[in-house]
Amino acid sequence: MTVHWDIRRRGRAWVGNEMRARVELLPEKFEVIDGRLLWSERERIAMLGVMLEQVGIDKAIRLGDPARWRAAISELPG
């Protein structure tokens, strides 16, 4: 399933059919397996996507070391 994320600088509420589509991406329950949240990378990316849509980029980048965010952004193509 390809998801077209609408992640903005500020968090937002889902509109229209977005809520159902996003909720279907979430696991029924949260588990920690071998020190990792959720079962698969796909589930972790889906969870990150829904959280970023709700919270927004401006809040997300305040978590962690700003130098690491800058380093990751500097390596983005184009």
Side-chain angles (χ1 to χ4, degrees):
M1 167 188 255
T2 300
V3 180
H4 299 285
W5 299 107
D6 186 3
I7 299 169
R8 303 175 187 182
R9 293 206 44 205
R10 289 188 170 65
R12 64 183 191 84
W14 295 315
V15 296
N17 293 332
E18 283 183 311
M19 182 175 298
R20 178 175 296 256
R22 298 309 190 250
V23 169
E24 288 177 4
L25 294 171
L26 301 176
E28 193 171 306
K29 63 180 183 174
F30 295 91
E31 299 176 300
V32 176
I33 301 104
D34 295 328
R36 290 188 162 266
L37 183 62
L38 306 173
W39 184 253
S40 69
E41 184 75 3
R42 182 192 60 77
E43 288 180 325
R44 288 187 286 275
I45 295 294
M47 177 59 69
L48 178 60
V50 297
M51 294 304 298
L52 285 172
E53 281 186 334
Q54 293 280 302
V55 174
I57 295 169
D58 286 4
K59 289 216 166 69
I61 63 170
R62 284 166 175 71
L63 300 173
D65 181 353
R68 290 183 178 173
W69 284 97
R70 287 185 192 98
I73 290 168
S74 73
E75 293 179 19
L76 288 174

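We use all heavy atoms of the structure for the numbers below, so side chains are in, but hydrogens, waters and symmetry mates are not. It should be emphasised that the depicted structure is a prediction, and the values quoted were computed from it without experimental measurement.
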Would [X] end up clustered with [Y] when hydrophobic side chains under 4.5 Å apart are linked, directly or stepwise?
X     : Y     : result
Met51 : Trp39 : no
Val50 : Ile45 : no
Val15 : Val55 : no

For a 4.5 angstrom cut-off between non-hydrogen side-chain atoms, does [X] reach [Y]?
X     : Y     : answer
Ile57 : Arg8  : no
Trp14 : Arg20 : no
Arg22 : Val3  : yes

Query raised in the report: So, does Arg62 use its side chain to make a donor-acceptor pair with the main chain of Asp58 at under 3.5 Å?
Result: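 Here the side-chain-to-backbone pair exists.
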Query raised in the report: Of all heavy-atom pairs between Glu43 and Pro27, which one has the smallest distance, and what is that distance?
Result: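 Where Glu43 meets Pro27 most closely, the heavy atoms are OE2-CB, 4.0 Å.
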Query raised in the report: Can you name the closest pair of heavy atoms from Ile33 and Leu38 and give their distance?
Result: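 So the minimum-distance heavy-atom pair works out to CD1-O, 3.4 Å.
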Query raised in the report: Which residues satisfy the salt bridge (Lys or Arg N to Asp or Glu O under 4.0 Å) test with Arg44, sequence neighbours excluded?
Result: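 So Arg44 forms a salt bridge (Lys or Arg N to Asp or Glu O under 4.0 Å) with Glu41.
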Query raised in the report: What do you reckon, is CG of Asp65 surrounded by more than 12 foreign heavy atoms closer than 6.0 Å?
Result: yes
Nearest 0.5 Å, please: how far is [atom2] in [Y] from [atom1] in [X]?
X     : Y     : atom1 : atom2 : result
Leu37 : Phe30 : CG    : CZ    : 7.0 Å
Leu25 : Trp5  : CG    : CH2   : 5.0 Å
Lys59 : Arg10 : NZ    : CZ    : 8.0 Å

Requested in this report: Using a strict 4.0 Å threshold on nitrogen-to-oxygen distance, state whether Asp6 and Arg12 make a salt bridge.
Outcome: yes
Per-pair distances, 0.1 Å, donor-acceptor, side chain in residues 67-78, under 3.5 Å, sequence neighbours excluded:
from: Trp69; atom 1: NE1; to: Leu63; atom 2: O; distance (Å): 2.7
from: Ser74; atom 1: OG; to: Ala71; atom 2: O; distance (Å): 2.7

